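This report refers to the structure that appears directly beneath it.
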Amino acid sequence: MLLYDTQRSGNAWKVRLMAGLLGLPLPRRTLSIDRGDLRADEFRAIAPLRQVPVLVLDDGSVLSESMAILFYLAQGSDWWPRLPLAQAEVLTWLSFEQERHMKPLAQLRLHLGLHRDREPASAEMRHHASEARAALDILQAQLLRQGAGGWVASSGHPSIADVALYPYTRMASLGGIDLSAWPRIVDWLARIEALPGYQALFPGQPELNLSTVESTAAS
Ligand SMILES: N[C@@H](CCC(=O)N[C@@H](CS)C(=O)NCC(=O)O)C(=O)O
């Protein structure tokens, strides 16, 4: 398998995190959005959706979309439950992540943390901040519902929903969101980081999880 990613992609981080938690070696080809790699013919020939993450399987099959890749990697493991009802609950939270959680948090991080090309007080950023806070309220309420030590879609074993929701929650402060207002989420993030096989955004350097720098060394 080969993962096409970028250093700071939260969606690709989900895939590397999943592989680490499953103990799967996952070679990566790290592209640079800033350098225009995702617009190059070579990448477009591989990636039908023109975004990372893309996972190329050993037989040449190509998987796009973080949610689909997590689903594929987790087959046969405890990270994807066996019973249809439990599977449906995981799908609920994957859908929530894509529709209501990732977008506002990613936009805030991109414009206020990485590019710094918007004012926090702009109508656009205030709108994203309001949506991000609403999503975090929902996530915290769900974690409270699952009880102490519970996970997003179950009170037992974590699932791919926890993996999907982790990166953009973890990086929320780059977009001006102070997570101390959601203590149950802070506790959940720490519990994910304590799992065997946890992968930081920059491998082996969890202190760089909030870095805004794209290091030329690894790109
Ligand atoms: N829904 C997709 C979103 C993928 C996505 O937004 N990828 C970003 C990086 S995090 C990307 O490739 N951006 C470059 C572009 O769209 O040109 C997923 O979950 O994988």
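What you see is a predicted model, and the numbers here were worked out from it, not measured in a lab. Atoms within each ligand, like the ligands themselves, are counted from 1 in listed order.
Using a 4.0 angstrom heavy-atom cutoff, M67 does not count as in contact with ligand 1. Within the structure, ligand 1 has Y168 among the residues with a heavy atom less than 4.0 angstrom away.
Remark: minimum distance from atom 16 (O) of ligand 1 to any protein heavy atom is reached at Q51 NE2, 3.0 Å. Looking at atom 2 (C) of ligand 1, its nearest protein heavy atom turns out to be E65 OE1, 3.1 Å. Summary of contacts: the protein heavy atom closest to atom 20 (O) of ligand 1 is S66 N, 2.8 Å.
Comparing D5, L31, I33 against atom 13 (N) of ligand 1, the shortest heavy-atom distance belongs to I33.
Counting only N and O atoms by type, the side chains of T169 and H101 include a donor and acceptor under 3.5 Å apart. Side-chain N/O atoms of D162 and W79 include no donor and acceptor closer than 3.5 Å. Donor-acceptor pairing under 3.5 Å is recorded for the side chains of D59 and S61. Counted by atom type alone, S32 and D37 present zero donor-acceptor pairs between their side chains at under 3.5 Å.
Not one N or O of S9 is nearer than 3.5 Å to an N or O of ligand 1, by distance alone. For ligand 1, the polar-atom distance check finds an N/O of N11 within less than 3.5 Å of one of the ligand's N/O atoms. For the pair V52 and ligand 1, the shortest N or O to N or O distance falls below 3.5 Å.
Ligand 1 places these atoms under 4.0 Å from at least one heavy atom of L38: 12 (O), 14 (C).
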Verdict with reasoning, Y166 to W13, per ring-ring contact (aromatic ring centres under 6.0 Å, His included): CA-CA 9 Å; Y166 171 81; W13 188 7; 5.3 Å; yes
Step-by-step side-chain hydrogen bond (donor to acceptor under 3.5 Å, both in side chains) determination, N11 to S9: CA-CA 5 Å; N11 287 299; S9 163; 5.0 Å; no
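Contact annotation for L49 and ligand 1: no heavy atom of the residue comes within less than 4.0 Å of the ligand.
A salt bridge does not link R100 with E131: every distance from a Lys NZ or Arg NE/NH1/NH2 to an Asp or Glu carboxylate oxygen is 4.0 Å or more.
Looking at F202 and S211, their side chains come closer than 4.5 Å, going by heavy atoms from C-beta outward.
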